[in-house]
Amino acid sequence: MAQETLYERLGGHDGIRAVVDDFYDRLLADDDIGPFFEGSDLAKLRRTQTDFLCEAAGGPETYDAEPIREAHIDVPFTPEHIQRAVELLYRSLGEFDVADEDADAVVGAVAAYEQDLLAEPDQDD
């Protein structure tokens, strides 16, 4: 029998979407991070984040939104904001009883883009 993929262990699209929804609820409620989302198209953000994580977990979905750097270039994130978001993502994953190893894999997929998330408009690649 074939070993389950991370995508399957996370519950496929629906399971990942549930984690993403919980994560965004936490982000929006956070005093430091929530203000970044004022005026944002939250339905689009939840959809693209779900696609991103589905693809990263080995699912059939593909992330076809604008590149991460371009999408976040005008958002003044600091390393502290990223760390707080990681904490909130771990809490969301824990809420759905995601195994530690799988949670680390999900966070690692997001953390791989930390430099893009922290990029500033006047910064070269």
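Below, each value reflects all heavy atoms present in this structure, side chains not excepted, and no hydrogens, waters or symmetry copies. Note that the structure is a prediction, hence the values are computed from the model and not measured. Heads up: numbering here begins at 1 and tracks the sequence.
Val19 places none of its side-chain heavy atoms less than 4.5 Å from the side chain of Val106. Side-chain atoms of Leu89 and Val86, non-hydrogen and from C-beta on, never get closer than 4.5 Å to each other. Contact check for Leu10 versus Leu53: no side-chain heavy atoms found under the 4.5 Å cut-off. At a threshold of 4.5 Å between non-hydrogen side-chain atoms, the residues Thr5 and Glu8 count as touching.
With values rounded to the nearest 0.5 angstrom, Ser40 atom OG is found 8.5 Å from Leu28 atom CG. Atoms CD1 and CG, on Ile73 and Leu117 in that order, are 10.5 Å from each other to the nearest 0.5 Å.
Counting all heavy atoms, side chain and backbone alike, Pro79 lies closest to Leu118 at N-CD2, 3.7 Å. Residues Ala57 and Ile16 approach most closely at CB-CD1, 4.3 Å, considering heavy atoms. The minimum heavy-atom distance linking Ala109 with Phe52 is given by the pair O-CZ, 3.6 Å.
Between the side chain of Gln49 and the backbone N or O of Arg46 there is no donor-acceptor pair closer than 3.5 Å. A donor-acceptor pair is defined here as one N or O able to donate and one able to accept, closer than 3.5 Å; such a pair exists between the side chain of Glu55 and the backbone of Tyr63.
Judged as a salt bridge (charged side-chain N to carboxylate O under 4.0 Å, His left out), and not counting sequence neighbours, the contacts of Arg17 are Asp21. With sequence neighbours excluded, no residue forms a salt bridge (charged side-chain N to carboxylate O under 4.0 Å, His left out) with Asp116. With sequence neighbours excluded, no residue satisfies salt bridge (charged side-chain N to carboxylate O under 4.0 Å, His left out) with Glu114. Every side-chain contact (heavy atoms from CB on, under 4.5 Å) that Thr78 has, sequence neighbours left out, goes to Glu80, His81. Under the rule for a side-chain contact (heavy atoms from CB on, under 4.5 Å), the partners of Arg84 that lie at least two apart in sequence or sit in another chain are Asp30, Ile33, Glu87, Leu88, Arg91.
Tyr113 OH: 12 or fewer foreign heavy atoms inside a 6.0 Å radius.
Within the structure, ring-ring contact (aromatic ring centres under 6.0 Å, His included) contacts touching residues 5-33 (residues at least two apart or in different chains) are Tyr24-Phe37.
None of Asp100, Asp22, Asp104, Val98 except one satisfies the side chain to side chain contact (heavy atoms under 4.5 Å, CB included) rule with Leu93; the exception is Val98.
At a threshold of 4.0 Å, the pair Glu101-Arg9 does not count as salt-bridged, since none of the basic side-chain nitrogens sits closer than that to a carboxylate oxygen.
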